[in-house]
Amino acid sequence: MAHDSDLPCDGDGVCMVCKTKPSENESLLCKTCATPWHVTCLSAPPNSMADAVNWECPDCSLPPDVPRVAVKQNAAAASSSSGSDLIAAIRSIESDSSLTEQEKAKQRQELLSGSAKASNLEVVNTDNDVLNILDGSLNCSMCMQLPERPVTTPCGHNFCLKCFQKWIGQRKSTCANCRTPIPPKMASQPRINSALVIAIRMARTLRSGASGGTSKVAHFIHNQNRPDKAFTTERAKKSGKANACSGKIFVTIPGDHFGPISAENDPERNLGVLVGETWEDRFECRQWGAHFPHVAGIAGQSDYGAQSVALSGGYEDDEDHGEWFLYTGSGGRDLSGNKRTNKLQSFDQKFDKLNEALRVSCLKGYPVRVVRSHKEKRSSYAPEKGVRYDGVYRIEKCWRKAGKQGFKVCRYLFVRCDNEPAPWTSDEHGDRPRALPSVKELNGATDITERKGSPAWDYDEEKSCWIWKKAPPNSRKPIQCQNDDDGTKVRKVRSKKNTVSVKQRLLKEFSCLICREVMNLPLTTPCAHNFCKACLESAFAGQSFTRQRGEGRRTLRVQKNIMKCPSCPTDISDFLQNPQINRELMNVIESLQRQIEEENAGLNEDVDGGSDGKDEVPTEEAAETDKCVEDDKEGAKPITETETKQTNKRKRSGDIDDVSPKKSLDKPDVVHNLGEVDSAIPELLV
DNA sequence: CATGACAGGCTT
DNA sequence: AAGCCTGTCATG
């Protein structure tokens with residue numbers, strides 16, 4: 001079967017047989033080792049589409065006792081062990097009778113991609129099934145992998161954002177899975193299903209971290225208490241807080257601090273500002289130091305550098321690709337008089353002031369914090385509401401070029417370089433140095449600036465993370481001190497070891513945004529929110545899709561009723577006409593539930609016996625966790641253990657205050673994170 | 001419900 | 001003192 005002449009594509013994607021680079025259609029990925037092969041050069045190409053999907057390359061389909069002659073290039077590069085070690089490791093997988101074929105394939109794949117070491121194979125075994133539950137069910141039906149940046153069609157099918165966009169780019173207008181028409185809005189503006197992102201990443205993190213106790217927080221929705229001192233003017237107190245004083249700063253960094261904000265600068269929570277952390281508005285974002293100016297998009301000083309930028313759709317030339325984006329400088333607009341906005345440019349931008357500050361950060365290679373605002377409507381990577389911290393980026397190049405409006409604009413190429421994964425990716429690790437994207441508009445650009453020397457913030461191969469290679473610039477501002485002399489209570493975070501089952505933690509991620517319980521018959525709206533079918537339907541109970549106009553005097557054409565998604569302003573009336581269950585998601589939930597039940601039946605002689613073990617986590621940890629949430633809801637009022645247990649059950653349907661877009665000062669904190677919610681609890685001190 | 005007016009804080 | 005990728009309410 002396997003011919004000696006069969007060879008895969010090399011690291012550059014060039015077929016090692018015919019030496020050409022196969023087109024995407026002619027390239028076939030092995031299901032086991034994910035190596036690309038040139039279909040037309042195969043001695044035994046797959047016969048059908050179905051075969052192609054499950055195709056295993058000649059190297060991987062060899063019987064286990066046949067020694068691999070050639071170790072594939074990517075495997076060789078990834079594995080520091082010798083070829084014979086690799087083969088031995090593969091054999092040990094093959095001979096493990098406790099594994100299913102699928103699990104074996106998975107482990108072989110991990111071994112070859114370098115993500116597992118021979119020494120921790122046993123560890124991988126234990127929680128590997130958590131990932132497998134997702135892997136079997138949630139795979140993108142185009143690339144057959146767990147979706148990277150998952151998007152969900154209204155017909156309930158999940159794809160990678162990239163695969164989906166590629167599909168749409170081929171002028172396809174129906175779902176690749178079931179051929180249901182895709183609504184134009186979904187096609188042009190797919191939203192990332194962040195519940196899936198979290199779940200996939202969590203499964204991966206728990207798998208690779210084995211214990212799970214050390215996993216970092218990666219997604220965090222936050223609503224701190226409102227400022228101690230804010231709203232100085234009368235008008236600002238009432239409304240239009242755009243000009244309000246933005247209140248107390250919670251972090252202890254100076255205004256000209258570069259790079260991530262770490263735990264030691266966060267006396268409030270001792271966490272630091274986490275990637276994925278989301279605030280209601282620019283003022284709250286400012287209070288956590290991610291981006292200080294509350295109107296301007298750039299924070300910086302022309303003789304010093306720029307510390308942060310906001311992407312909020314203010315400049316039409318911006319272009320967002322997630323891990324990299326093209327940013328436009330400020331200025332060029334007539335803002336004389338009282339104007340804050342004027343979308344029209346009337347003169348060229350120059351590299352001065354804030355634009356120069358960005359250029360300094362480019363030249364020095366400083367990390368620049370990036371926040372994305374919901375106001376950036378054109379980007380799939382923007383949050384649906386509020387302002388989100390997305391980590392640090394480096395400005396690799398900048399230049400000037402005529403923008404869409406004809407006047408020159410300053411342009412910046414930002415590339416992500418953060419140790420934490422971006423909020424939209426289910427990948428469990430942060431950035432690696434990546435090749436610069438080719439930017440077409442550089443042709444004909446002027447004033448092109450590139451960094452000459454080595455960057456101050458760079459990737460350290462030994463430590464496998466991004467660090468300051470040169471000392472960060474000294475702050476020129478006095479460090480602001482926190483004064484807690486007003487008697488406000490300070491919360492400290494203490495870490496606690498995790499005892500909650502991995503599967504239970506994962507299951508909790510699949511909660512309905514209405515009832516807050518694990519979803520029953522999950523639906524995913526086109527705006528990427530997940531609900532129980534019953535909850536969503538009851539939210540619109542009694543409403544009809546259309547209404548008559550004109551009070552019956554004369555019959556006008558019927559008008560559609562707007563039906564807003566319970567957690568965002570999107571009109572989902574079309575979706576509600578024929579909502580399709582996200583069956584892939586449902587399968588995942590059901591198999592998690594089944595396995596948890598089995599575990600409980602096996603282990604649990606249960607003390608109080610009353611727990612259903614399904615959507616409640618029957619451990620002390622869970623009580624503590626909820627205590628944390630309740631605690632914040634109640635303000636700083638201490639809660640006794642018994643009270644906690646009583647309030648443990650969440651309020652039922654209708655309690656969706658914390659997902660409605662605009663809410664006020666007493667909004668409950670919604671803590672939604674990966675690891676810390678189970679491993680850390682707040683404590684009241686004085 | 002899209003567009004526009006505009007208030008009045010904070011940084012450069 | 002000029003400038004700013006806000007946020008809200010008032011319009012048709």
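Every chain is numbered from 1, with letters handed out A, B, ... down the list of sequences.
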query = Roughly how many Å is it from CG in A:D303 to C1' in B:dT11, rounded to a whole number?
reply = 13 Å
request  = Would you indicate, yes or no, if C:dT6 has its OP1 or OP2 atom less than 4.0 angstrom from a side-chain nitrogen or oxygen of A:K375?
outcome  = yes
task = Go through the steps to decide whether A:E537 and A:K533 satisfy the test side chain to side chain contact (heavy atoms under 4.5 Å, CB included), and finish with yes or no.
result = CA-CA 6 Å; A:E537 282 176 349; A:K533 186 163 195 268; 3.4 Å; yes
inquiry  = Output the rounded distance in Å from CD (A:E356) to P (B:dT11).
reply    = 21 Å
query = Side-chain N or O of A:S302 less than 4.0 angstrom from OP1 or OP2 on B:dT12?
reply = no
key: Atom-pair distance (CG on A:N342; C1' on C:dC5), nearest Å   = 13 Å
key: A:R388 NZ/CZ over A:W424 ring centroid, <6.0 Å and within 45° of normal   = no
query = Is it true that the NZ or CZ of A:R369 lies under 6.0 Å from the centre of A:Y389's six-membered ring and within 45 degrees of the ring axis?
reply = no
ask   = Tell me: OH of A:Y304 to P of B:dT11, nearest whole Å?
value = 15 Å
request  = Remember a base hit wins even if backbone is also touched, and classify A:S373 as base, sugar-phosphate or nothing at under 4.0 Å, heavy atoms.
outcome  = nothing
query = Between A:R149 and A:Y381, is NZ or CZ placed under 6.0 angstrom from the six-membered ring centre and within 45° of the ring axis?
reply = no
inquiry  = Using a heavy-atom cut-off of 4.0 Å across all strands, would you classify A:Q301 as base, sugar-phosphate, or nothing?
reply    = sugar-phosphate
note = Atom CZ of A:F283 and atom P of B:dG9 are separated, to the nearest Å, by 11 Å
key: Mate of C:dG7 where both pairing distances stay under 3.5 Å, Watson-Crick or G-U   = B:dC6
message = If I take atom NZ in residue A:K353 and atom C1' in nucleotide C:dG3, what distance separates them, rounded to the nearest angstrom?
response = 7 Å
query = When all nucleic acid strands are considered with a 4.0 Å heavy-atom cut-off, which category describes A:Y327: base, sugar-phosphate, or nothing?
reply = base
inquiry  = Output the rounded distance in Å from CD1 (A:I298) to P (C:dT6).
reply    = 12 Å
ask   = Between B:dG9 atom P and A:R282 atom CZ, what is the distance in whole Å?
value = 17 Å
pair A:T180-A:T174: side-chain heavy atoms closer than 4.5 Å = no
